[in-house]
Asks: 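Below is a structure I'd like to ask you about.
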Amino acid sequence: MIARLWRSQRWWIQRVALLPVHLFLFAIAVFFLVRLIPGDPVLIIAGSDDLTADQYERIEVLLGLSGSLWHQLMVFLGRVVTLDLGRSLIDGQDVQEQIAWRLPATIEIALIAMVIAIAVTLLLCIFAMLHPHNPVARFAAFYARSAGAIPDFVLGVAGILVFYTVLGWAAAPTGRYDAGLRPAPRTTGFPFLDALLSSDTVLLSSMLAHLWLPVLVLVVGSAPTIMKVLQRSIEHAVDDEATLFRIASGVPRHVVIVSVLRRASPTMVTMCGQLFGFLLGGAVIIEQLFAIPGMGQYAVQAVGRADFLALQAFLLTVAACVLVVFLIVDLVNMTLDPRRRPGVMVEGNA
Amino acid sequence: MTTATTPPTAAPATRRRLPGSASMVPVVAPLVLLLLVAALGPLLAPYSPIDVVAAPDQPPSTQHWFGTDIYGLDVFSRVIAATRNDLVVGLVAALLATVIGVGVGLFTGTNESRGGVPGSVARGVTRGLDLFDALPQIVVGLVLLAFFGRNLLTLSVVCGLLMVPTQARVVRTEVLRVRREAYLESARLSGESERGLLLRHMLPNSTWPALENASYIFGVAVTVAAGLGFLGVGLPPPTPEWGAMIADGATAASAGRWWSSLFPCLALAVTVIAFSNLAHQYLRRR
């Protein structure tokens with residue numbers, strides 16, 4: 001009984017169990033990366049050469065740089081597992097507290113942009129599939145080809161110039177909401193969601209006025225990457241024998257469309273995982289441009305102060321987010337297409 | 001026997017197509033222009049790119065073709081001077097990513113299906129590169145630059161390392177395809193050593209797509225470098241660099257003074273589009 005349950009459910013349990021392994025391996029890689037930093041990190045952090053032996057030792061312990069390499073690694077992994085990422089030596093703030101405060105804000109922007117980008121892509125691609133000679137379809141193909149040609153920050157600067165300076169439609173790029181407004185009470189940690197929940201209409205409308213432009217920039221900058229992939233996989237699925245069979249056997253049009261979309265979707269889902277990484281990187285840049293407090297601002301500050309603990313934590317956090325998204329992508333794909341589950345042998349796909 | 005087993009390389013076919021093609025001019029002209037500007041940089045710039053030469057925030061005029069920025073630096077001179085820095089980053093990154101990527105791709109592609117230590121190492125490397133590639137490039141680049149110093153060399157190397165997974169994947173896919181080709185089997189049967197197989201047959205047949213891809217890598221590397229510069233974590237100021245210039249001009253742009261941001265944006269866009277066009281139209285074999 002249990003053996004059968006295990007055999008039928010193994011695919012996702014195995015995949016979920018891999019996540020901590022990946023995280024662990026990544027943490028070890030980061031550990032060695034930090035050890036490769038040229039120069040003495042203690043002296044760089046202290047900002048001066050004249051330290052007493054006592055001070056030197058104290059900073060060394062705080063950075064986890066005391067004892068043998070093996071001892072250091074164990075201390076480091078222990079800290080990562082207990083989510084104790086240390087206290088910044090520069091401003092004395094808890095690193096994990098800062099990240100817990102800033103991460104939701106960044107993820108929120110990336111997620112909103114991702115949902116809109118996916119919706120727009122789906123709509124355009126389906127329209128292009130149904131009306132391949134329509135000018136809109138041609139525009140979509142052209143737009144998809146332009147993937148990656150114009151970086152986010154260029155679009156951002158252009159957006160601010162057009163929509164804020166010239167047209168005056170967007171609010172000033174000076175944060176998440178107008179200065180002087182009080183933030184919503186923190187319930188979920190996601191600022192926009194909190195504002196929605198607090199039903200503070202003034203705050204909410206100010207947030208909308210500030211956020212639509214950065215989100216638009218991210219969507220316009222990132223949509224071509226998934227559009228290119230989806231267009232190709234839709235073309236593939238349309239030319240497929242299964243589609244021809246359905247058309248030949250006279251099933252209704254919408255059934256054909258749904259089947260095409262289902263066969264095109266795994267590629268799309270995989271691409272969405274990459275899109276999330278892409279948007280997270282984009283959000284870091286866009287935050288800087290629109291002065292939105294989030295992970296990007298934190299990282300840029302940390303670079304300026306040579307705050308290695310904060311940067312190490314930043315890298316680990318982003319990696320954890322990306323790995324979780326990849327887990328979700330894999331699970332969704334295995335659900336959509338059982339041939340992708342491990343241990344499933346498929347003809348011609350061994 | 002040797003002639004029979006020598007693989008037909010794609011290079012001659014492509015070389016034949018290069019001259020005399022009408023579509024050549026729009027693809028190559030911007031590239032030549034960019035390389036010229038990068039090479040002649042200091043000769044073309046009318047002012048010093050790193051010194052204050054005029055009053056700040058002046059609109060484009062006959063003296064300052066692209067205007068001056070918030071500090072009073074000449075935008076035209078800086079755009080010209082930055083070309084060299086950005087192109088160097090792109091070239092070094094593309095070279096580095098291609099060389100390492102070809103090595104890694106050959107190794108993983110040939111060893112992946114083997115048992116024992118090489119097989120597991122190869123599978124581990126492939127998996128590791130996938131994970132590395134999944135991270136936002138700008139985030140990894142930012143942390144690496146902060147750790148290893150902000151100068152032209154680290155910036156180029158970091159941008160190159162970020163693109164290694166892409167190149168390695170391209171080569172690996174190609175190796176997996178080439179492995180099944182008949183000429184490889186006949187070379188093996190004719191007594192070619194493993195090393196000879198790898199160097200004389202695998203290498204020339206599986207690296208062409210990576211070489212095509214190199215110009216795409218170039219564009220991405222320049223974009224990443226400019227993104228890091230934009231965040232203020234790239235080359236330290238006042239080194240001219242397009243990304244940093246766009247960031248400097250962004251505040252001015254939101255006040256309506258568009259010029260100090262627009263021109264570096266245009267330079268960046270021309271570069272990226274020129275090199276990705278090269279990848280798309282020129283080196284395409286199929």
Side-chain angles (χ1 to χ4, degrees), chain A residues 22 25-26 29-30 33-34 36-39 41 145-158 160-161 164-166 172-174 273-274 276-285 288-289 295-296 299-300 302-308 311-312 314-315 318-319 321-323 325-326, chain B residues 124 127-128 130-150 154 216 219-220 222-224 226-234 242-243 246-247 249-258 260-262 264-266 268-270 272-277 280:
Chain A
H22 286 162
L25 289 177
F26 191 80
V30 170
L33 181 71
V34 174
L36 284 177
I37 297 176
R145 269 205 307 279
S146 77
I150 302 178
D152 295 349
F153 51 93
V154 171
L155 284 176
V157 173
I160 290 179
L161 181 65
Y164 166 66
T165 314
V166 177
T174 52
Q274 284 173 24
F276 181 78
F278 191 81
L279 281 173
L280 214 52
V284 165
I285 288 188
Q288 192 68 7
L289 182 57
M295 290 293 277
V300 172
V303 172
R305 302 156 160 181
D307 191 342
F308 292 151
L311 286 170
Q312 171 187 309
F314 172 65
L315 191 57
V318 172
C321 294
V322 171
L323 287 176
V325 169
F326 267 65
Chain B
R127 193 79 195 147
D130 279 350
L131 291 185
F132 179 66
D133 200 30
L135 298 169
Q137 287 165 338
I138 209 88
V139 167
V140 182
L142 179 148
V143 174
L144 287 180
L145 271 185
F147 282 177
F148 297 104
R150 293 159 55 184
T154 24
Y216 160 78
V220 179
V222 171
T223 316
V224 171
L228 289 168
F230 181 83
L231 284 177
V233 298
W242 293 330
I246 297 171
T251 349
S254 62
R257 299 188 297 270
W258 45 269
S260 56
S261 229
L262 175 78
C265 279
L266 285 180
L268 182 62
V270 166
V272 174
I273 292 173
F275 277 89
S276 62
N277 262 348
H280 276 292

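Residue numbering restarts at 1 for every chain, and letters A, B, ... go by the order of the sequence lines.
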Asks: Taking C-beta and beyond as the side chain, do B:V139 and A:L280 meet within less than 4.5 Å on heavy atoms?
Replies: no
Asks: So A:L161 and B:L262, do their side chains get closer than 4.5 Å, heavy atoms only?
Replies: no
Asks: Checking heavy atoms, do the side chain of B:L145, its backbone, both or neither come under 4.5 Å from chain A?
Replies: neither
Asks: Given heavy-atom pairs under 4.5 angstrom as the criterion, report whether the side chain, backbone, both or neither of A:I285 touches chain B.
Replies: both
Asks: Contact part of A:L36 toward chain B, heavy-atom cut-off under 4.5 Å: side chain, backbone, both or neither?
Replies: both
Asks: Is there a side-chain contact between A:V303 and B:F147 in this structure, where contact means two heavy atoms from C-beta onward sitting under 4.5 Å apart?
Replies: no
Asks: Report which part of A:Q274 has an atom under 4.5 Å of a heavy atom belonging to chain B: side chain, backbone, both, or neither.
Replies: neither
Asks: Tell me the closest heavy-atom pair linking A:V318 and B:P136, and the distance in Å.
Replies: CG1-CD, 3.6 Å
Asks: Can you tell which part of B:A226 gets under 4.5 Å to a heavy atom of chain A, answering side chain, backbone, both or neither?
Replies: both
Asks: Of the non-hydrogen atoms in B:G227 and A:F153, which two are nearest, and what is the gap between them?
Replies: CA-CE2, 3.4 Å
Asks: Heavy-atom distance under 4.5 Å to chain B: side chain of A:V322, backbone, both or neither?
Replies: side chain
Asks: Identify the heavy atoms of B:C265 and A:V154 that sit nearest to each other, and give their distance.
Replies: SG-CG1, 3.7 Å
Asks: Say you draw a straight line from CG of B:L142 to CZ of A:F314; how long is it, rounded to the nearest 0.5 Å?
Replies: 6.0 Å
Asks: Less than 4.5 Å to any heavy atom of chain B: does that hold for the side chain of A:L323, its backbone, both, or neither?
Replies: side chain
Asks: Mind listing the closest non-hydrogen atom pair of A:P151 and B:T223 along with its distance?
Replies: CB-CG2, 3.4 Å
Asks: With only heavy atoms counted, which part of A:F276 is less than 4.5 Å from chain B, the side chain, the backbone, both or neither?
Replies: neither
Asks: Rounded to the nearest 0.5 Å, what separation is found between the CZ atom of B:R127 and the CG atom of A:L25?
Replies: 10.5 Å
Asks: For the residue pair A:F26 and B:L135, establish whether any side-chain heavy-atom pair is separated by less than 4.5 Å.
Replies: yes
